[in-house]
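Report on one structure; see the data block that follows.
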Amino acid sequence: MLKRPVRFQQIPFEAYKARLVERGMPEAMAHMMRAKDAGLDRTEPRTPQACTPTTFRQWCEDVLKPAVLG
């Protein structure tokens, strides 16, 4: 556990794009992120056979927690 809440809040694309561009990302790349979010880059559908069974919780424990706690 991280011992602090983790919250997701979706923001409008224009606000997201503005944040990315402010931090140095080219505007075209920001639009590519929007396409990715819309699923336009998926060449193979997500199926149990094509994906790992790792849950978001497990990923947080295995990857995010060590990265945050350093």
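Values below: every heavy atom of this structure, side chains too, minus hydrogens, waters and symmetry copies.
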| said: I need the Leu20 CG to His31 NE2 distance, nearest 0.5 Å. | reply: 10.5 Å

| said: For a quick test of reading the model, state the closest non-hydrogen atom pair linking Leu2 to Lys65 and the distance between them. | reply: CD2-CA, 3.7 Å

| query | Where does the angle between the aromatic ring planes of Tyr16 and Phe13 fall among parallel (under 30°), tilted (30 to 60°) and perpendicular (over 60°)? | reply | tilted

| query | Are there more than 12 heavy atoms of other residues, nucleotides or ligands under 6.0 Å from atom CE of Met25? | reply | yes

| said: On a heavy-atom basis, which atom in Cys60 and which in Pro66 lie closest, and how many Å separate them? | reply: O-CD, 4.4 Å

| field | Same apolar cluster (I L V M F W Y, side chains within < 4.5 Å links), Met33/Val21 | value | no

| said: Enumerate the side-chain hydrogen bond (donor to acceptor under 3.5 Å, both in side chains) contacts for residues 20-30, please, sequence neighbours excluded, ordered by first and then second residue. | reply: Lys17-Glu27

| said: If hydrophobic clusters are built by linking Ile, Leu, Val, Met, Phe, Trp and Tyr wherever their side-chain heavy atoms come under 4.5 Å apart, do Val6 and Ile11 end up in the same one? | reply: no

